[in-house]
2 protein chains.
Amino acid sequence: MMKNNIFMSLYKDYAERIDDGTLPPGSKLPSENELAATYGASRETVRKGLNLLAQNGYINKVKGKGSFVLATGRLKFPISGLISYKELSERLGKPSRTLVYTTERVPAGDTIAKELQIEPEEPVWKVIRAREIDGERIILDIDYLLAEVVPHLTEDIAADSIYHYLEQELQLKISYAEKVISVEQATEQDYRCMDLGEDKHVVVVRGYVHLEDTTLFQYTESRHRLDKFQFVDFARRISREN
Amino acid sequence: MMKNNIFMSLYKDYAERIDDGTLPPGSKLPSENELAATYGASRETVRKGLNLLAQNGYINKVKGKGSFVLATGRLKFPISGLISYKELSERLGKPSRTLVYTTERVPAGDTIAKELQIEPEEPVWKVIRAREIDGERIILDIDYLLAEVVPHLTEDIAADSIYHYLEQELQLKISYAEKVISVEQATEQDYRCMDLGEDKHVVVVRGYVHLEDTTLFQYTESRHRLDKFQFVDFARRISREN
DNA sequence: GAGTGGTCTAGACCACGAA
DNA sequence: TCGTGGTCTAGACCACTCG
């Protein structure tokens, strides 16, 4: 059951030590040769792990000098990338609650069918949840999942973590997602299900989630209150040499 | 002068063919062994190039089947990642113009000194530019660059591309950036320098850009009109084994 | 079973930084 | 010069898909 990738072990070892502050920003990691020795692995394998750390903003590699821990983690508590709300809130460690408004199996309908690229009659699971932080309903998540892929769903699962259920119970392999962030007029539903102030707008994060075989199986609208919305992105520059 | 990385050539070859539609979504790429043969390279080297394509949302790799072109590119015209406005507008192909309001060398001042983690007296270049698309000033970019790193700057450079100047002329190695997206009240300056409608808010993208040696040398505020703002993100799920 | 991608190895040569 | 990371190789074994 355990996965024994050496490079993934190395990645997790160091990601953890950097996250919890054992390795403070500016620290120097052991050289690739040293790591190869301590992990009993080849240098190329060590490099795979280190490159993963670099991509995710944990370290910076400098030719001739070594690998160094970045300070990014300090303000990394918000998030980019493909992560579930449960995983996120666990990292934040803030008092947080999920209110489930809807968990029902319905035909997709024209609008959603277009987003999921299916027929309007096709059955989907429709889940509506509000995320309450510090006593205010800040985020409204509206999820649509292909019923063909996810045959069963309950309010209890929706209240906990749908992703956890999909990956652990159904053994689905979630591969990648496209997200589009924009700002739109608040709807009637937004006013009803969230604690909006006077703002007429909400930030909308649309997510299109795909399985390993590229099946588009989930469409999500995550609607955020303007004043509480924040999105953090870490980006490396691709070399522009000719 | 030319950089001859084999894996980078492969990446650029296929990125281009996917961008321009020569390879439509769903197409199957040659197998890794075939690519190794045609590029006269080892399989590991080919895999480096393919993994880059996968990370950037061009392809999806499936064990036992092959690598396939994703449809993501179709709605990829907006952007995530670390890319200059000039590179972006060239991809979009829309009529676009840059208005330079300010190009001056000044002491950082308290606010900017804090963002750039320097002393308030330290000199910085302050550049203010509006981006006009379809005849409307949609984006207001306010850049601060360490004068110690960038000794000279002109309005002509600001009107063209600062990044191009930094990388090509000054040979600076831009490595990574953190971006934070949020929504804030529009300022007096926003109203003066942009064509805002009735909206009281703007989307603010703060960027902290670092060199290879992790020097923080640029702080940017990119202020966008609500109704024109869009941010696209491609994310792969990190395996959650264990 | 043949073909595919995923992981790993034990070497090699290079470019860069520091002493 | 020596240690560092960057690139590359030629092979190996595995897990998966498909006919």
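In what follows, chains carry the letters A, B, and so on, assigned in the order in which the sequence lines appear, proteins first and then strands, with residues in each chain numbered from 1. Heavy-atom basis, side chains included; hydrogens, waters and symmetry copies ignored.
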_Candidate pair T154(B) and D156(B), rule side chain to side chain donor-acceptor pair (under 3.5 Å), full reasoning_ = CA-CA 5 Å; T154(B) 67; D156(B) 285 343; 5.0 Å; no
_Short side-chain N/O contact to dT4(C) OP1/OP2 from S31(B), under 4.0 Å_ = yes
*Could you encode protein contacts along nucleotides 11-19 of chain D as a string, one character per nucleotide from 5' to 3', using B for base contact, S for sugar-phosphate-only contact and - for no contact, with a heavy-atom cut-off of under 4.0 Å?*
-B--BBSS-
_Ring centers of Y176(A), F234(B) separated by less than 6.0 Å_ = yes
_Does L50(B) reach a base, just sugar-phosphate, or nothing at all? Heavy atoms under 4.0 Å._
nothing
_E212(A) with K65(B): basic N within carboxylate O range, under 4.0 Å_ = no
*asked:* Please determine whether a side-chain nitrogen or oxygen atom of R47(B) lies at a distance below 4.0 Å from atom OP1 or OP2 of dG5(C).
replied: no
*asked:* Side chains of D213(B) and T215(B): any donor to acceptor distance under 3.5 Å?
replied: yes
*Give me the residues of residues 32-42 of chain A where at least one heavy atom lies under 4.0 Å from an atom of DNA chain D, by number, or none.*
E32(A)
*Is a salt bridge present between R129(A) and D143(A), judged by a nitrogen-to-oxygen distance below 4.0 Å?*
yes
*asked:* Do T214(A) and N60(B) pair up side chain to side chain, a donor and an acceptor below 3.5 Å, judged on atom types alone?
replied: no
*asked:* Closest-nucleotide mapping onto DNA chain D: is N51(A) or V46(B) further toward the 5' terminus? I mean the 5' end.
replied: N51(A)
*With L145(B) as reference, evaluate T220(B), L166(B), V209(B), V124(B) under the side chain to side chain contact (heavy atoms under 4.5 Å, CB included) test and give the passing residue.*
L166(B)
*In whole Å, what is the span from the CZ atom of F7(B) to the P atom of dC14(C)?*
18 Å
*In whole angstrom, give the distance that lies between atom NZ of K28(A) and atom P of dG17(C).*
15 Å
*Using whole Å, report how far CG of L53(B) lies from P of dG5(C).*
13 Å
_Would you say the rings of F231(B) and F231(A) are close, in the sense that their centroids are separated by under 6.0 Å?_
yes
_Distance check needed: dG5(D) P versus D213(B) CG, whole Å only._
16 Å
*Interatomic distance, K61(A) NZ vs dT7(D) C1' [rounded to whole Å]*: 12 Å
*Rounded distance in Å - NZ (K48(B)) to P (dT9(D))*: 10 Å
_Once you measure the plane-to-plane angle for Y219(A) and Y208(A), does it fall in the parallel (<30°), tilted (30-60°) or perpendicular (>60°) bin?_
tilted
*Quickly work out the F68(A) CZ to dG17(C) P distance and round it to whole Å.*
12 Å
*OP1 or OP2 of dT4(D) under 4.0 Å from side-chain N/O of S67(A)*: no
